[in-house]
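Both counts, for ligands and for their atoms, begin at 1 and track the order of listing.
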Amino acid sequence: MRTARAVRRFRPDPVPDDVVLACLEAATWAPSNANLQPWRFCVLRAPEARVLLGRAYRDGWSAYVDHFGVTADDLVGDGRRARLNRSMKALSDGFADVPVYVLCCVQPQPGESPFDTAASIFPAIQNFSLAARAHGLGTVLTTWYRSVEPELRELVGVPEDWLLAALLPVGYPVGGVGPVRRRPVDSVVGWDAWD
Ligand SMILES: Cc1cc2nc3c(=O)[nH]c(=O)nc-3n(C[C@H](O)[C@H](O)[C@H](O)COP(=O)(O)O)c2cc1C
């Protein structure tokens, strides 16, 4: 958990199917509302999907640039934000080198709150990420499928009553995978009260 950082730079080395499947099996060990396991994971490697995802990743990066007002200066230096910006750009530029993409889908249940729907897929995604880390792989949760969602749904054949939850690029990381950096735990915990 401590070193399962967001990985956005991948070596082009292929990832064996059985390793992908082992990570997906770990995903299926997650909890879900009433244990309905309303998930489906589509492993995407084919050229048609890659063309589409290339477009999606370019759009994703450009939406990020617009949203956060990223300028060329914001890509330079050693600061945290600059490093995150470069990492995002590297993912967008390097989409073609990503060995495997996993599209994570969830089927909302009748009368279920959106929280419960989300909580029935994101723990599985986290399990996947941790298993990937344990296998020496890296990944990052992205929503960079949205600009091509209709085409992607059609290409993959996603039924209408299913939602796309995340697109995970998966591969062996370039460079080391350092520890995560987070706010100190004391600053986010209240004992017997909020503060
Ligand atoms: C809901 C959600 C959406 C995210 N969307 C993206 C995304 O579209 N592209 C991306 O590169 N990273 C995305 N991330 C990854 C976050 O940027 C990352 O988890 C965060 O920066 C912490 O990174 P670290 O674990 O390496 O410290 C997303 C994470 C979450 C939880």
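- At a heavy-atom distance under 4.0 Å, atoms from both the backbone and the side chain of Arg5 approach ligand 1.
- Taking atom 29 (C) of ligand 1 as the reference point, the nearest protein heavy-atom neighbour is Leu141 O, 4.0 Å.
- Looking at heavy atoms from C-beta onward, Trp39 lies in side-chain contact with Ser32 at the 4.5 angstrom threshold.
- Remark: side-chain polar atoms of Arg50 are paired, donor with acceptor, to backbone N or O of Arg45 under 3.5 angstrom.
- Residue, atom and distance of the protein heavy atom nearest to atom 10 (C) of ligand 1 are Arg8 NE, 3.6 Å.
- Within the 4.0 Å cut-off (strictly below), no protein heavy atom is located near atom 19 (O) of ligand 1.
- Here the protein heavy atom with the shortest distance to atom 22 (C) of ligand 1 is Arg182 NH2, 3.8 Å.
- Considering backbone and side-chain atoms together, Thr142 places no N or O closer than 3.5 Å to any N or O of ligand 1.
- At least one side-chain heavy atom of Pro38 sits less than 4.5 Å from a side-chain heavy atom of Ser120.
- Residue Arg181 places no heavy atom under 4.0 Å from ligand 1.
- The ligand atoms of ligand 1 that sit less than 4.0 angstrom from a heavy atom of Val140 are 12 (N), 15 (C).
- Side chain of Asp74 to main chain of Thr71: a donor-acceptor pair is present (N/O by atom type, distance under 3.5 Å, no hydrogens or angles).
- Short contacts between ligand 1 and Ala6, defined as distances under 4.0 Å to a heavy atom of the residue, involve ligand atoms 23 (O), 24 (P), 25 (O), 26 (O).
- In summary, the side chains of Glu112 and Asn33 do present a donor paired with an acceptor at a separation below 3.5 Å, with no hydrogens or angles considered.
- For the residue pair Ser92 / Arg58, no side-chain donor-acceptor distance below 3.5 Å is found, with atom types taken as modelled.
- Every pair passing ring-ring contact (aromatic ring centres under 6.0 Å, His included) that includes a residue from residues 45-73 is listed here, sequence neighbours excluded: Tyr57-Tyr101, Tyr57-Trp144, Trp61-Tyr64, Tyr64-Phe68.
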